[in-house]
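Here is the structure we will look at, set down as structure tokens.
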Amino acid sequence: MPTAPSAALSFRSAVDADVPELVALVESAYRGDASRAGWTTEADFLDGQRTDPDGVRAVIANPDAVLLVVERAGELIACCQLEHRGDHVYFGMFAVRPGLQGGGLGKEIMAEAERHARETWDAKEMRMTVVNVREELIAYYVRRGYERTGELSPFPYGDERFGVPLRDDLAFELLVKAL
């Protein structure tokens, strides 16, 4: 298990110049062989892309959202999307460089994301959706205080912007946390 380096994390809003590096980061954390270096891989049940430059630019351009870039010693190592949606904030596009996973970065980044949601939008609840077959990842979020709702929404089969499913039982489960 990697140890957390001593260099402090810095957080900032993504800008258009970050798009290529952010796409590469998200892809490396979830898809293809590179993702197998970490524990967040979806390579066993989804092929194809996780995101694309247009999707990342859309988050950056959204006035009700922020794509937080996480850097350590000037190096982009993680990101997450926060989107204000009325009575809650949606948490998504969470990616940590695969070789750095398992060392506590995710917990620290999520705490900052939750703080940002409370302070920026006075959010009382954070929501996310996780692919239902990701039991290890769902368990991670439960340990961070998120509750399983059992509420499922369909996986967008046929829309390759979200990947190419390798199985036919995928859905998204809603997880919520009171802030």
Side-chain angles (χ1 to χ4, degrees), residues 9-43 45-86 88-101 105-117 119-121 123 126-131 134 137 140-141 144 146 153-166 170-175:
L9 299 180
S10 64
F11 297 84
R12 64 174 175 81
S13 296
V15 295
D16 282 340
D18 296 318
V19 169
E21 195 171 1
L22 287 167
V23 170
L25 170 67
V26 172
E27 293 301 309
S28 74
Y30 290 96
R31 303 287 164 81
D33 287 336
S35 70
R36 295 182 192 281
W39 67 273
T40 60
T41 185
E42 297 173 339
F45 55 89
L46 283 165
D47 202 0
Q49 70 180 29
R50 171 71 187 251
T51 192
D52 59 26
D54 290 341
V56 173
R57 278 190 204 94
V59 174
I60 292 171
N62 182 344
D64 293 319
V66 63
L67 183 53
L68 284 180
V69 168
V70 184
E71 295 174 317
R72 186 173 55 211
E75 181 183 9
L76 194 154
I77 61 167
C79 68
C80 65
Q81 167 193 5
L82 298 171
E83 183 176 332
H84 185 226
R85 295 182 178 175
H88 68 278
V89 170
Y90 178 80
F91 178 81
M93 207 180 292
F94 186 29
V96 174
R97 188 169 291 164
L100 300 176
Q101 293 175 14
L105 285 172
K107 182 173 23 177
E108 190 174 345
I109 293 163
M110 289 186 74
E112 173 61 18
E114 292 163 3
R115 183 203 63 76
H116 187 93
E119 292 183 8
T120 303
W121 295 295
M126 187 85 88
R127 297 182 186 178
M128 69 174 74
T129 55
V130 180
V131 177
R134 304 286 316 276
L137 185 58
Y140 170 82
Y141 289 128
R144 305 276 84 72
Y146 287 79
S153 56
F155 186 87
Y157 284 92
D159 188 343
E160 292 191 6
R161 292 177 304 160
F162 299 97
V164 178
L166 301 176
L170 303 179
F172 292 110
E173 182 173 350
L174 176 67
L175 305 180

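Basis for what follows: all heavy atoms, side chains included, without hydrogens, waters or symmetry-related copies. The first residue in the sequence is number 1, and the count goes up from there. A quick note: this is a predicted structure, and the numbers were derived from the prediction, not measured.
Val89 has its side chain out of reach of Arg127: every pair of non-hydrogen atoms, C-beta onward, lies at least 4.5 Å apart. Side-chain contact check for Tyr146 versus Met110: some heavy-atom pair is nearer than 4.5 Å. The shortest side-chain heavy-atom distance between Val131 and Phe172 falls under the 4.5 Å cut-off. Taking the side chain as every heavy atom from C-beta outward, Val26 and Cys79 approach each other to under 4.5 Å. Contact annotation: the side chain of Leu67 approaches that of Leu22 to within less than 4.5 Å [non-hydrogen atoms, C-beta and beyond]. Residues Arg161 and Gln49 have side chains in contact (heavy-atom distance under 4.5 Å, counting atoms from C-beta outward).
Leu76 and Glu71 make their closest contact through CA-CG, 3.9 Å (heavy atoms, listed as atom of the first residue, atom of the second, distance). Looking at every heavy atom in both residues, Pro165 comes nearest to Leu46 through CA-CD2, 3.6 Å. Between Ile77 and Leu25 the shortest heavy-atom distance is O-CD1, 3.9 Å. Nearest heavy atom pair, residue Gly48 against residue Glu27, reads O-OE1, 4.1 Å. Summarising the geometry of Gln101 relative to Val96, their closest heavy-atom pair is NE2-O, 2.8 Å, with the distance given to 0.1 Å. Listed here is the closest heavy atom pair of Pro20 and Asp16: CD-O, 4.2 Å.
The stretch residues 58-84 participates, sequence neighbours left out, in these ring-ring contact (aromatic ring centres under 6.0 Å, His included) pairs: His84-Trp121. Residue pairs that meet the salt bridge (charged side-chain N to carboxylate O under 4.0 Å, His left out) test with at least one member in residues 54-70, sequence neighbours left out, are Asp54-Arg57. Evaluation of the salt bridge (charged side-chain N to carboxylate O under 4.0 Å, His left out) test over residues 105-117, restricted to residues two or more places apart or in two chains, returns Glu112-Arg115, Glu114-Lys177, Arg115-Glu119.
Taking CG of Leu174 as the start and CE of Met128 as the end, the distance is 9.5 Å to the nearest 0.5 Å. Interatomic distance, Arg50 CZ to Tyr30 OH, rounded to the nearest 0.5 Å: 4.5 Å. For the atom pair Leu137 CG and Glu42 CD, the distance stands at 8.0 Å (nearest 0.5 Å). With values rounded to the nearest 0.5 angstrom, Leu82 atom CG is found 7.0 Å from Phe91 atom CZ. Atom CG of residue Leu170 and atom CZ of residue Phe45 lie 6.5 Å apart, to the nearest 0.5 angstrom.
Between the side chain of Arg31 and the backbone N or O of Ala43, no donor-acceptor pair lies under 3.5 Å.
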Evaluate the ring pair (Phe, Tyr, Trp, His ring centres under 6.0 Å) criterion for residues Phe162 and Phe155: first the C-alpha distance (whole Å), next the side-chain angles of each, then the deciding distance (0.1 Å), finally the verdict.
CA-CA 9 Å; Phe162 299 97; Phe155 186 87; 7.2 Å; no
For Ile60 and Val15: C-alpha separation, side-chain torsions, deciding distance, then whether side-chain contact (heavy atoms from CB on, under 4.5 Å) applies.
CA-CA 7 Å; Ile60 292 171; Val15 295; 5.7 Å; no
Begin from the C-alpha positions of Tyr141 and Val130 and carry the test side-chain contact (heavy atoms from CB on, under 4.5 Å) through to its verdict.
CA-CA 10 Å; Tyr141 289 128; Val130 180; 3.9 Å; yes
How far apart are the C-alpha atoms of Cys80 and Ile109, what are their side-chain angles, what is the distance that settles it, and do they pass the side-chain contact (heavy atoms from CB on, under 4.5 Å) test?
CA-CA 8 Å; Cys80 65; Ile109 293 163; 4.2 Å; yes
Go through Glu173 and Thr129 one step at a time and tell me if the side-chain contact (heavy atoms from CB on, under 4.5 Å) criterion holds.
CA-CA 5 Å; Glu173 182 173 350; Thr129 55; over 6 Å; no
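A salt bridge is defined here as a Lys NZ or Arg NE, NH1 or NH2 lying under 4.0 Å from an Asp or Glu carboxylate O, and Arg97 with Glu75 meets this definition.
Residues passing the side chain to side chain donor-acceptor pair (under 3.5 Å) test with Glu83, sequence neighbours excluded: Gln81, Arg85. In this structure Glu160 satisfies the side-chain contact (heavy atoms from CB on, under 4.5 Å) test together with Val164, sequence neighbours excluded. The side chain to side chain donor-acceptor pair (under 3.5 Å) search around Ser28 returns none, not counting sequence neighbours.
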